[in-house]
Amino acid sequence: MPDPGYFLTRCREELVGLLATQGTSVNATEVRDVEGGIDADLAVPLFRIAKERGESPQALAERLAGSLQLKGTRFASATALKGYLNLTFDKTRFAQEVIADFQRDPDRYGSTRTGAGRAIVIDYSSPNIAKPFSVGHLRSTIIGQALHNILSFLGFQVIGDNHLGDWGTQFGKLLSAFARWGSEAELESNPTAHLLSLYVRFHDEAKTNKDLEVEALDWFRRLETGDERARSLWQRFVRMSTDEFGRIYDLLGVKFDSMRGESTYEDRLSGVISRALAKGVARREKPTAAMVTGGDEVGPDETVVIIPLDDAGIETPLILQKSDGTSLYATREIATAEYRIERWHPEKMLYVVGKEQELYFRQFSAALAKLGINVPCVHVTFGLVRLPEGRMSTRAGRVVFLEDVISEAIRRAEVVVRDRDLTPEEKARISRIVGIGAIKYADLSQSRIKEVVFDWDRMLALDGDSAPYLQYAYTRTRSILRKAPDFVSSTFILHPSSFILPEELTLLKSLARFPDSIVAAAESYEPHRIAGRIYRLARDFSAFYDKAPVLKAETPELRDARLFLVEMTGKVLATGLALLGIEVTEQM
RNA sequence: GCGCCUGUAGCUCAGGUGGAUAGAGCAUCGGAUUUCUAAUCCGAUGGCCGGGGGUUCGAGUCCCUCCAGGCGCGCCA
């Protein structure tokens, strides 16, 4: 069965067909939605075609407007204005088709089967073990989760993989710090804070004591070569961190299909290196300088393994193996990619990782290509979250903990809900959903690439362009529908000319535009396209709500028509928010 | 020094592969509730779209250049 698509898509296709009968060839993407004050629903700018024919755009528009046969189409009128061909919808047919689109599958309005049989791996969240979960990690986590939701909605088989940072030199540092200053009692009673303080102290003392860095590298070597003390301590750190992360993921409603640490790929590392060497992609070379951190001499036999990338236009080579024989992030990342491809056969892999790693990902992609791995990797970048006083730094102890932000968000939501006539349990639940929604929406409603200066009030806004505004609009739809228990949307049939107010048609148009926003979000990996669309929908609904009485509409037909709009708006708001990972409540 | 990103209203941001008069939120000012929840709605004020060149019928959008900020540039992740 072919995908029936949605109203606007069908309109654009029909229009392209109509123009073709007049010998005018336009692409569906050239057909524009009309947003502003012009009295039209769709428009085709004719400047390009007119120029090709040496005709004036306005003359062409007038000729087309006069010759198009609109009888039996979705269009009621065609007019020419300033070089544009403007079309208006047949309002009854417009309404009927949008209604039918919704009735086809109300809970999945906007979904498609585009991705059927196609798999995509998304790497998101991927926090570092033994470090606190800061607001910095939030972006990857919720953008990744939103993309997971969106691509799944379009039929893709999506594998969300949380690639935990549980390996690397940082653990050498932590082990070294624990051996020197660690406390068993502290570790048990308050693991996160203790590990953080050890990490901070390490970097503090390392400024004056150069032995520490060398000691840390040695601890990591011991870890990678299977030293028992290092291993067991490391395992405890990992356990403590994953417990904490699990708590936060539950709170955020974030889920993964796979959650594996970098260490999982340990046994593949030597294979990665030897194969790269065997293929001639990588080579051994003498380190060019003493280690930046340690400052000790380079031994005569020491070598590093690098993949030169000059031919890919990247000057900096990718290092696979350090001079002490241990692995690097990139080595483990290649091993991970190989594993993912073997296991899930994705058509592409998305990495939701901060912009500061852009060069690294270009190296990584180039290296994979050289190794003959031809599954494309897309770096879904996002801007850094900074504090007003500068970037966050775990080392300097200058971080905002995500848990604190969540608590504050919930607290602010509680203030608003305090006087409502609801049970304490309901109030707690609503505050949680509203508070967390506000945090997520603040991030997902703006474009990814811009950096964010952390600001409590902005992140936790409960009015205006915010999640609570959308959630509130949803509760209004529910509130109305609770009072009309007899209304059934699935069998609703629109009586022609039921809609009489401009607000009704504006709302219906807003609903009709929702499916496009999902496709746009999926193609650009930008969830904010959906956020913008449903925010607009909520505004159009609020205006409608203010102007159009539903339960007390003038006629039963009008009441039902408006009830349908209310029902559909509620569902679409809930769907759109769900795609962003945001919940709704019946009351607020 | 080189590379990538960003610069739109007082503040925070939207502005499909270039299209009609650049839109929101916050803030400020003025209105709206005996009526489906006011976390709401309506209106007003507020713009050399960082500066300057260029391409085009048409530029916030593309190209060049300068300025400002952010990030990155071989053994961290």
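Residue numbers start from 1 in every chain, and the chains themselves are labelled A, B, ... in the order their sequence lines are given, proteins ahead of strands.
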Exercise for the section: Would you please classify the geometry between the Trp167(A) ring and the Trp234(A) ring as parallel, tilted or perpendicular, with 30° and 60° separating the classes? Expected result: perpendicular
Measure the distance from [atom1] on [X] to [atom2] on [N] and round it to the nearest whole Å.
| X | N | atom1 | atom2 | answer |
| --- | --- | --- | --- | --- |
| Leu359(A) | C76(B) | CG | C1' | 14 Å |
| Gln58(A) | A20(B) | CD | C1' | 12 Å |
| Leu164(A) | A77(B) | CG | C1' | 13 Å |
| Glu30(A) | G18(B) | CD | P | 10 Å |
| Met392(A) | G70(B) | CE | P | 16 Å |
| Leu318(A) | C76(B) | CG | P | 13 Å |
| Tyr360(A) | C4(B) | OH | C1' | 18 Å |
| Phe220(A) | A77(B) | CZ | C1' | 11 Å |

Which value, in whole Å, describes the distance between the [atom1] atoms of nucleotides [N] and [M]?
| N | M | atom1 | value |
| --- | --- | --- | --- |
| G58(B) | G51(B) | C1' | 23 Å |
| A39(B) | G25(B) | C1' | 14 Å |
| G23(B) | G31(B) | P | 27 Å |
| G3(B) | C13(B) | C1' | 28 Å |
| C49(B) | G18(B) | C1' | 15 Å |
| G53(B) | A77(B) | P | 49 Å |
| G30(B) | U35(B) | C1' | 24 Å |

For a quick check of understanding: with a heavy-atom distance under 4.0 Å over all strands, which category does [X] fall into, base, sugar-phosphate or nothing?
| X | value |
| --- | --- |
| Ser542(A) | sugar-phosphate |
| Glu523(A) | nothing |
| Ile38(A) | base |
| Gly168(A) | sugar-phosphate |
| Glu262(A) | sugar-phosphate |
| Ala330(A) | nothing |
| Ala548(A) | base |

Practice task
Can you check each nucleotide of nucleotides 22-35 of chain B against protein heavy atoms at under 4.0 Å and return B for base, S for sugar-phosphate only, - for none, in 5' to 3' order?
Solution key: --SSS--------S
Handout entry: Sequence-aligned protein contact record of nucleotides 5-13 of chain B, with B where the base is within under 4.0 Å of a protein heavy atom and S where only the sugar-phosphate is
Key = SSS----SS
N/O (side chain, [X]) to phosphate O (OP1/OP2, [N]) under 4.0 Å:
| X | N | result |
| --- | --- | --- |
| Arg529(A) | A14(B) | no |
| Arg332(A) | A77(B) | yes |
| Tyr469(A) | C41(B) | yes |
| His528(A) | G15(B) | yes |
| Arg391(A) | G72(B) | yes |

Problem - N-O pairing of Lys286(A) and Glu302(A) below 4.0 Å - result: no
Practice task
Answer yes or no: is there a donor N or O on one side and an acceptor on the other, between the side chain of Thr506(A) and the main chain of Pro502(A), under 3.5 Å?
Solution key: yes
Problem - Backbone N/O of Gly435(A) and side chain of Arg412(A): donor-acceptor pair under 3.5 Å - result: no
Which listed nucleotide ([options]) is nearest to the side chain of [X]?
| X | options | value |
| --- | --- | --- |
| Glu356(A) | C71(B), G74(B), G15(B) | C71(B) |
| Leu551(A) | A77(B), G72(B), C36(B) | C36(B) |
| Gln170(A) | A77(B), A39(B), U17(B) | A77(B) |
| Leu462(A) | A39(B), A38(B), G16(B) | A39(B) |
| Lys51(A) | U40(B), U56(B), C76(B) | U56(B) |
| Lys82(A) | U21(B), A38(B), A77(B) | U21(B) |
| Ile430(A) | G16(B), A77(B), A39(B) | A39(B) |

Between [X] and [Y], does any side-chain donor sit less than 3.5 Å from a side-chain acceptor?
| X | Y | value |
| --- | --- | --- |
| Ser327(A) | Arg332(A) | yes |
| Asp465(A) | Tyr441(A) | yes |
| Arg539(A) | Tyr469(A) | no |
| Gln587(A) | Thr475(A) | no |
| Thr336(A) | Glu333(A) | no |
| Asp41(A) | Thr88(A) | no |
| Ser466(A) | Asp463(A) | no |

Problem - Donor-acceptor pair present, Asn86(A) side chain and A20(B) base, under 3.5 Å - result: yes
Problem - Side-chain donor/acceptor contact of Arg420(A) with base of A39(B) under 3.5 Å - result: yes
Fill in the blank from the handout: On RNA chain B, more 5' by nearest nucleotide between Ser327(A) and Arg448(A) is Arg448(A)
Fill in the blank from the handout: One should report the stems of RNA chain B, each a stretch of at least three consecutive Watson-Crick or G-U pairs at distances under 3.5 Å, as B:1-7 with B:67-73, B:10-13 with B:23-26, B:28-32 with B:40-44, B:50-54 with B:62-66
Practice task
Assess whether salt bridge (charged side-chain N to carboxylate O under 4.0 Å, His left out) is satisfied between Lys427(A) and Asp421(A), documenting all intermediate values.
Solution key: CA-CA 9 Å; Lys427(A) 285 182 186 177; Asp421(A) 183 24; over 6 Å; no
Practice task
Check the pair Phe220(A) / Phe171(A) against ring-ring contact (aromatic ring centres under 6.0 Å, His included), numbers first and verdict last.
Solution key: CA-CA 6 Å; Phe220(A) 178 55; Phe171(A) 280 92; 8.3 Å; no
Fill in the blank from the handout: Of Tyr360(A), Phe364(A), Tyr525(A), Phe361(A), the one forming a ring pair (Phe, Tyr, Trp, His ring centres under 6.0 Å) with His379(A) is Phe361(A)
Practice task
Could you tell me whether Arg476(A) sits above the aromatic face of Tyr545(A), with NZ or CZ closer than 6.0 angstrom to the six-membered ring centre and within 45 degrees of the axis?
Solution key: yes
Exercise for the section: Name the orientation of the base relative to the sugar in G23(B): syn if the glycosidic angle is within 90° of 0, else anti. Expected result: anti
Exercise for the section: For a side chain to side chain donor-acceptor pair (under 3.5 Å) with Thr303(A), tell me which candidate from Gln321(A), Arg284(A), Arg283(A), Glu285(A) qualifies. Expected result: Arg284(A)
